[in-house]
Engineer: 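Structure incoming, see below.
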Amino acid sequence: MQRKLVLMIVAGILCLTLAGCGQSGDTQPEEEDPVQSQQPVDESSEADSSEEETQGPADPEAPETTQYTDNFSVDEAAVAAFAEQIQTAVADKDLEALADLAAYPLYVGFADGGQSVESRDEFIALGADRIFTEELLSEIAGADTEGLEASMAGFSLSASGRPNVIFGVADGRLAIVGMNY
């Protein structure tokens, strides 16, 4: 009996500790958000360093200055515009443009197994024939870019589910974060 009581007390303390940790994690990003949104405007030295890290993929996004905090903070017009950029790159079979829209590492889930692509060059090395399958071309061309629903994983662009291109917020901007075949 005493053993059960001790175990229940320990379990209760553990639950309270975990709940407390979750609350402290929720408040910290809110404190960081204003800093992130001010970086491009107020802190040019830090903005330059973050531009160097994402310079390749940021090129198609150059006119966009909005810094997003998560997938739920992106407005529908920006989501639709980015989805249309993906559709154009896929329809044109433009591997370079698609690579510029991606964040790295990028998950590419081929039918014969998934892999993590660590860089733009590694993505391009996969080849257009492997990336632009007939199924992917069809699914992305038929996808509705309006009203895409945000999730923790991002936004799924596909006509019927799979293959698909997953995009979401990475380093404060929209980027492709996964492709599934």
Engineer: Find out if a path of hydrophobic residues (ILVMFWY) with successive side-chain heavy-atom gaps under 4.5 Å connects I140 to F132.
Structural biologist: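 I140 clusters together with F132.
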Engineer: The test is side chain to side chain contact (heavy atoms under 4.5 Å, CB included); show your working for M179 and Y107 and say whether it passes.
Structural biologist: CA-CA 6 Å; M179 298 178 71; Y107 176 78; over 6 Å; no
Engineer: Search all heavy atoms of L106 against all heavy atoms of A102 and return the closest pair with its distance.
Structural biologist: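 Heavy-atom minimum between the residues: CD2-CB, 4.0 Å.
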Engineer: Does this structure show an ion pair linking D112 with R130, if we count only N-O contacts that are shorter than 4.0 Å?
Structural biologist: yes
Engineer: Sub-3.5 Å donor-acceptor pair from the side chain of N71 to the main-chain atoms of A150, do we have one?
Structural biologist: no
Engineer: As an exercise, state the distance from CD of E76 to OG1 of T145, rounded to the nearest 0.5 Å.
Structural biologist: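 These two atoms lie 11.0 Å from each other.
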Engineer: If I compare all heavy atoms of D70 with all of F72, which pair ends up nearest, and what's the gap?
Structural biologist: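 Smallest interatomic distance, heavy atoms only, reads OD1-N, 2.9 Å.
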Engineer: Taking C-beta and beyond as the side chain, do F82 and F155 meet within less than 4.5 Å on heavy atoms?
Structural biologist: no
Engineer: How long is the span from the OG1 atom in T88 to the CG atom in D94, to the nearest 0.5 Å?
Structural biologist: 10.0 Å
Engineer: Please check: side-chain N/O of D144 versus main-chain N/O of E146, any donor-acceptor pairing under 3.5 Å?
Structural biologist: yes
Engineer: Quick check against the 3.5 Å criterion: does S73 have a side-chain atom that pairs as donor or acceptor with the backbone of T69?
Structural biologist: yes
Engineer: Should S160 and E139 be marked as a side-chain hydrogen bond (donor to acceptor under 3.5 Å, both in side chains) after you check the CA-CA gap, both sets of side-chain angles, and the distance that decides it?
Structural biologist: CA-CA 7 Å; S160 63; E139 284 294 313; 2.9 Å; yes
Engineer: Is E96 paired with R120 through a side-chain N to carboxylate O contact shorter than 4.0 Å?
Structural biologist: yes
Engineer: Applying a strict under-4.5 Å side-chain criterion to I, L, V, M, F, W and Y, I'd like to know whether L157 and V74 cluster together.
Structural biologist: yes
Engineer: Please check if the number of heavy atoms outside E118 that lie under 6.0 Å from its CD is greater than 12.
Structural biologist: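 Yes, the 6.0 Å shell around CD holds more than 12 heavy atoms from other groups.
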Engineer: Considering non-hydrogen atoms only, spot the tightest contact between V90 and L137 and give its length.
Structural biologist: O-CD2, 3.1 Å
Engineer: Quick one: CD on Q85 to CG on L98, what's the gap to the nearest 0.5 Å?
Structural biologist: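 One gets 11.0 Å once the value is rounded to the nearest 0.5 Å.
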Engineer: Give, for atom CG of L126 and atom CG of L95, the distance between the pair rounded to the nearest 0.5 Å.
Structural biologist: 8.0 Å
Engineer: Short question: side chain of Q87, backbone of A143 - any donor-acceptor pair under 3.5 Å?
Structural biologist: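 Flag set: sc Q87 to bb A143 pair under 3.5 Å.
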Engineer: I need the I124 CD1 to S119 OG distance, nearest 0.5 Å.
Structural biologist: 8.5 Å
Engineer: Write down the atom of L136, the atom of Y181, and the distance for their closest heavy-atom approach.
Structural biologist: CD2-OH, 3.8 Å
Engineer: Using a 4.5 Å cut-off on heavy atoms from C-beta on, say whether the side chain of N180 contacts that of F110.
Structural biologist: no
Engineer: Is there a side chain to side chain contact (heavy atoms under 4.5 Å, CB included) between I131 and F123? Walk through the geometry before answering.
Structural biologist: CA-CA 9 Å; I131 297 297; F123 179 73; 3.7 Å; yes
Engineer: List the atom of S158, the atom of N164, and the distance in Å for their closest heavy-atom pair.
Structural biologist: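 Minimum heavy-atom contact is CB-CB, 3.6 Å.
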Engineer: Might you point out which heavy atoms bring F167 and I176 nearest each other, and give the distance in Å?
Structural biologist: CB-CA, 3.9 Å
Engineer: Establish whether L174 and L148 are linked, either directly or via other cluster members, by ILVMFWY side-chain heavy-atom contacts under 4.5 Å.
Structural biologist: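 In one cluster with L174: L148, yes.
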